[in-house]
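Inspection log for the structure reproduced underneath, given as structure tokens.
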Amino acid sequence: MDISSIPVTLTIIFANIGITIWTHYSNPVYFRNLSEWPYQIVHEKKYYQLLTSAFLHAGFVHLLFNMFALFSFGGYLEQFFVFNFGEMAGRIYYLLIYFISLFMGGILTVIFHHKEPEYVAVGASGAISGIIFSYVIFFPFSQVAVLFIPMPAFLFAFIYIAISVYGMKTRFGNIGHEAHLGGAIGGFIATLVLINGAWEMLLSHFK
């Protein structure tokens, strides 16, 4: 992949890295205030947390995993959009899908946890989930590796949704399953609405 052809993806990655490092090595109050606290969003109207929390990460492993996923899926998706819709329109579509997914992930987290004053979430996982599911629409049979097991992207998407739903019900792991699910739904729907012919393109792969 020619990295000069994916400036939007790289900008988002650098923003995540820079803001995460800044909050980890500056006053801890910044990390706390910019994280997503669903209770505060509802009761104290701190709506900005829906955006700011998506550029923070709990640790550098969390950050590395998310940025690798964004580079892997988002880079190809950005190139695909630019190739098919032109420089400006392609990157606008890409940004819209990213931020719609980001907010959908945050909103679903608020819906499920707004009564819990101590619940907090950070990370770009919701936005990246949306990018992955947008990618699946156009490349459902491309091979992805999950725990070193290769599988088509559409199968990965089904497993991803199942794990997210199960995780929401059982609350296993220190993972924002609601953000994952909300972002995935947001990215999938946003792509179908924004990209003319996306649904037909998805179906054509299964004929």
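Computed from a prediction, not measured in an experiment: that's the story for all the values here.
Between Phe99 and Phe103, the ring planes are tilted. Angles from 30° to 60° get that label. Note on ring orientation: taking the six-membered ring where Trp is involved, the planes of Phe81 and Tyr93 are perpendicular (angle over 60°, cut-offs 30° and 60°). By the 30° and 60° cut-offs, the orientation of the rings of Phe206 relative to Phe141 is tilted.
Shown here is Tyr39, whose OH atom has no more than 12 heavy atoms of other residues, nucleotides or ligands within 6.0 Å. The number of heavy-atom neighbours closer than 6.0 Å to CZ of Phe158, taken from other residues, nucleotides and ligands shown, is 12 or below.
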**Request:** List the steps and the verdict of ring-ring contact (aromatic ring centres under 6.0 Å, His included) for Phe112 and His177.
**Result:** CA-CA 10 Å; Phe112 277 86; His177 297 287; over 10 Å; no
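Side-chain N or O atoms of Glu78 include one that pairs as donor or acceptor with a backbone N or O of Val8 at under 3.5 Å. Looking only at distances, a side-chain donor or acceptor of Trp37 sits under 3.5 Å from a matching main-chain atom of Arg32. Panel note: side chain Ser134, backbone Ile131; no donor-acceptor pair is recorded below 3.5 Å. Side-chain atoms of Ser129 never come within 3.5 Å of backbone atoms of Ala184 as a donor-acceptor pair (strictly under, hydrogens ignored). Here the side chain of Thr23 pairs a donor or acceptor atom with the backbone of Ile19 at under 3.5 angstrom. One N or O on the side chain of His114 and one on the backbone of Val110 form a donor-acceptor pair closer than 3.5 Å.
Side-chain atoms of Thr20 and His57 include a donor-acceptor pair closer than 3.5 Å. With hydrogens and angles left out, the side-chain atoms of Thr9 and Tyr94 include a donor and acceptor closer than 3.5 Å. Donor-acceptor pairing under 3.5 Å is recorded for the side chains of Tyr135 and Ser142.
In this structure, Tyr76 has its ring center no closer than 6.0 Å to that of Phe80.
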